[in-house]
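Here is the naming used below: chain letters follow the sequence lines, and residue numbers restart at 1 for every chain.
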Number of protein chains: 2
Amino acid sequence: MSKGQATIKDIAKALRISVSTVSRALHDHPDISEKTKKAVREEARRLDYQPNLIAQGLRQQKSHLIGLIVPEIVHHFFSTTLSGVEDFANSQGYHVMVCQSNESYEREKTNVKALLSSRVDGIIVSVSKETTDFSHFKHIQKRGIPLVFMDRICNEVKAPSVVCQDYEGAYMAAEHFISHGRRRIAHLRGPKSLLISKQRLNGYLDVLSKHRIPKKDEYIVFASDFESGYRETLRLLDLHEKPDAIFAVNDITAAGSLRALQEKGFRVPEDISVIGFGDDPVITKLTVPKLSSIYQPGYEMGKMSAQMLLKNIGVQEPFPHEIRVLKTELKLRETTL
Amino acid sequence: MSKGQATIKDIAKALRISVSTVSRALHDHPDISEKTKKAVREEARRLDYQPNLIAQGLRQQKSHLIGLIVPEIVHHFFSTTLSGVEDFANSQGYHVMVCQSNESYEREKTNVKALLSSRVDGIIVSVSKETTDFSHFKHIQKRGIPLVFMDRICNEVKAPSVVCQDYEGAYMAAEHFISHGRRRIAHLRGPKSLLISKQRLNGYLDVLSKHRIPKKDEYIVFASDFESGYRETLRLLDLHEKPDAIFAVNDITAAGSLRALQEKGFRVPEDISVIGFGDDPVITKLTVPKLSSIYQPGYEMGKMSAQMLLKNIGVQEPFPHEIRVLKTELKLRETTL
DNA sequence: AATTTTTATGCAAACGTTTTCGCGACAAAA
DNA sequence: TTTTGTCGCGAAAACGTTTGCATAAAAATT
């Protein structure tokens with residue numbers, strides 16, 4: 001009765017038929033008579049039968065599990081993508097095993113190993129900052145299991161990838177500054193190791209050169225959290241030629257920047273305009289003035305990643321180097337003219 | 001070679017020994033000679049053997065998987081707990097399947113069913129707002145698999161639970177107001193269906209009655225997000241007797257409240273003090289003035305939940321009604337005197 | 001030398017499925 | 001009547017492990 005879960009054996013025994021018949025009946029196989037199917041279905045619900053996904057997995061070499069490796073779940077962006085992955089996977093009968101690398105290369109490697117051991121049917125990864133060697137990803141592919149990169153992608157490994165318009169987003173931001181008469185645009189850039197940081201930097205640079213504005217190295221400084229955003233902005237304000245606009249690599253950095261501007265008595269956006277990146281709902285709502293930002297479709301990126309992954313499960317050549325780029329949007333609020 | 005993963009069969013074949021010997025060798029069984037063990041280990045790494053957790057799971061009736069059901073992953077608190085769960089589970093050789101209920105009772109039920117089907121070894125759940133019927137949780141227990149409630153616990157089902165000092169946190173907040181001369185303390189309370197909201201309300205109420213301050217119904221209003229926090233605070237400010245302190249059920253509500261206060265030109269904390277709940281690092285950093293709040297140890301709660309869960313895996317009577325209460329702390333910043 | 005004990009290994013069953021193959025029954029066609 | 005075909009079902013193998021039991025060889029004891 002309550003001794004463990006019921007199996008198809010129990011159903012078979014109760015109905016005095018074979019397990020194969022039960023299995024087929026539950027899968028609505030045409031060989032089985034309607035009468036038998038009905039009986040099986042009834043007995044199944046009487047016993048509260050739940051198929052054992054482990055046994056199924058073993059038999060069909062398919063775990064119906066996908067792995068997700070992200071740097072840190074607590075970042076709003078990543079938990080948003082996770083939400084998208086989870087929703088789509090669930091809708092297709094899959095489940096998600098989450099791992100966080102904590103931005104550590106070593107943990108990323110052990111995560112990969114663990115997921116492979118769990119025989120996940122596919123893996124989505126957002127690469128850690130620390131990672132410069134990518135053999136563990138190639139290893140996944142050698143095993144023949146589909147791999148999709150999301151956001152923090154990896155050009156060294158040929159795999160489907162999902163990103164958003166980092167370059168275009170940055171371009172839009174800088175272009176917006178220019179079109180409102182700003183010429184001294186500073187950029188709080190992210191770590192060089194991250195492709196997304198480079199893309200955002202490039203979008204910014206290309207706008208400058210398009211408008212024949214010489215690049216000024218003092219205007220391009222590294223900052224990727226609240227404190228460094230604050231600190232570096234203070235330094236920007238000490239420059240002889242102060243910037244009249246600041247484009248930050250992410251929202252929390254922009255928030256730090258705003259704090260500095262406010263403390264030093266600059267008016268935003270009149271004296272200096274600010275645009276962030278990510279459109280974090282909490283941050284953009286809480287800053288005063290409200291932060292303008294580039295919206296990044298995190299949920300859709302997760303969903304799309306899961307979709308591309310599942311599409312490649314069970315196919316012969318599962319690694320098309322297809323890159324899907326999702327749209328970003330400039331959300332104007334109060335830190336821009 | 002690269003055709004699928006290597007199995008113990010492959011190792012056995014290569015070494016011309018039996019699979020049982022290989023299995024035992026890999027588990028360092030004392031019956032096996034050192035020489036054989038060494039050979040097996042070498043061949044295993046040569047073939048890059050990874051144990052098939054699915055097969056293992058089937059054989060030992062143990063998936064080394066735990067399920068986690070939370071209302072919404074994107075909430076900072078929940079992603080923090082997830083992080084704790086993941087870290088601890090990983091350290092013990094377990095993995096985590098995440099499900100979100102999206103605050104829906106129906107999805108919670110299907111989540112439970114899916115996790116049971118996946119034969120997870122245990123389940124941690126933070127109950128959805130909508131849930132009033134708890135039979136799906138009892139069902140988990142009938143199946144004999146350990147269940148732990150976390151934060152959003154459920155008194156109707158006897159199971160180990162992990163919470164934080166919601167009552168005490170609220171008590172500290174209100175007590176702090178009182179000790180600084182405030183008497184007209186308002187409370188932006190959460191939904192009645194949630195025990196944590198009730199606890200926070202009770203802490204607040206008990207402080208009032210301890211100090212013989214009559215409870216005023218106009219001071220206790222429902223609000224649990226930015227907009228309602230903002231709106232309800234505006235209404236509080238329309239009262240004949242305006243409050244001189246506001247305790248909010250969570251940080252984002254407190255932030256909404258602050259926004260209203262600021263717009264109406266009230267000085268915080270001089271005219272009105274504010275304390276939130278949760279100590280969200282982003283929110284408390286961004287509000288001006290910086291929000292005082294009750295720190296809630298999300299990471300530790302997740303870790304502790306995982307720990308209690310694993311402790312109860314494989315024991316005869318896995319449902320002691322043990323409630324672990326983790327400490328909250330009053331973090332004073334700039335919205336309090 | 002004969003017996004017992006120890007050591008190291010193999011056989012086979014089991015976990016819960018799915019699926020290939022085959023078979024008997026019965027109906028339709030020859 | 002024989003052949004062919006369809007229908008409904010069962011037997012058994014397989015997926016990759018673990019483990020109780022048996023056993024052969026070697027070592028220790030009598």
Where protein sits on nucleotides 6-12 of chain C, one letter per nucleotide: B base, S sugar-phosphate only, - none, heavy atoms under 4.0 Å: --BBBBB
Please list all pairs passing the ring pair (Phe, Tyr, Trp, His ring centres under 6.0 Å) test where one or both residues lie in residues 69-90 of chain A, with sequence neighbours left out. none
Going by salt bridge (Lys or Arg N to Asp or Glu O under 4.0 Å), name the residues that satisfy it together with A:K113, two or more places apart in sequence or in a different chain. none
Could you list all the ring pair (Phe, Tyr, Trp, His ring centres under 6.0 Å) pairs where at least one residue sits in residues 113-139 of chain B, not counting sequence neighbours? B:Y105-B:H136, B:F137-B:F149
Quick one: A:K38 NZ to D:dG8 P, roughly how many Å, whole number? 16 Å
In residues 55-65 of chain A, what residues come within less than 4.0 Å of DNA chain D, judged by heavy atoms? A:L58, A:R59, A:Q61
Does anything in residues 4-30 of chain B form a ring pair (Phe, Tyr, Trp, His ring centres under 6.0 Å)? List the pairs, not counting sequence neighbours. none
Set of ring pair (Phe, Tyr, Trp, His ring centres under 6.0 Å) partners for A:H64, sequence neighbours left out: A:Y94
Taking all non-hydrogen atoms of both residues, which atom of A:P297 and which atom of A:C164 are closest, and how far apart? CD-CB, 4.0 Å
Write down the distance between NE2 (B:H27) and P (D:dG16), rounded to a whole number of angstrom. 16 Å
Nucleotide C:dC15, atom P - distance to CG of A:L53 in whole Å: 19 Å
Between D:dC15 (C1') and B:I54 (CD1): distance, integer Å: 10 Å
Taking atom C1' of D:dG16 as reference, at what distance in whole Å does atom CG of B:L47 sit? 15 Å
Could you check whether B:S23 gets within reach of a base, just the sugar-phosphate, or nothing at all, counting any heavy atom under 4.0 Å? base
Taken in chain and number order and not counting sequence neighbours, the residues that satisfy side chain to side chain donor-acceptor pair (under 3.5 Å) with A:R152 are A:E103
Using five base pairs at each end to define the local axes, how bent is the helix from C:dA1-D:dT30 to C:dA30-D:dT1, to the nearest 10°? 60°
The criterion is salt bridge (Lys or Arg N to Asp or Glu O under 4.0 Å); which residues satisfy it with A:D10, sequence neighbours excluded? none
Partners of A:E43 by salt bridge (Lys or Arg N to Asp or Glu O under 4.0 Å), sequence neighbours excluded? A:R46
With sequence neighbours excluded, what pairs up with A:K311 under the salt bridge (Lys or Arg N to Asp or Glu O under 4.0 Å) test? A:E322
Search all heavy atoms of B:L147 against all heavy atoms of B:P160 and return the closest pair with its distance. O-CD, 3.4 Å
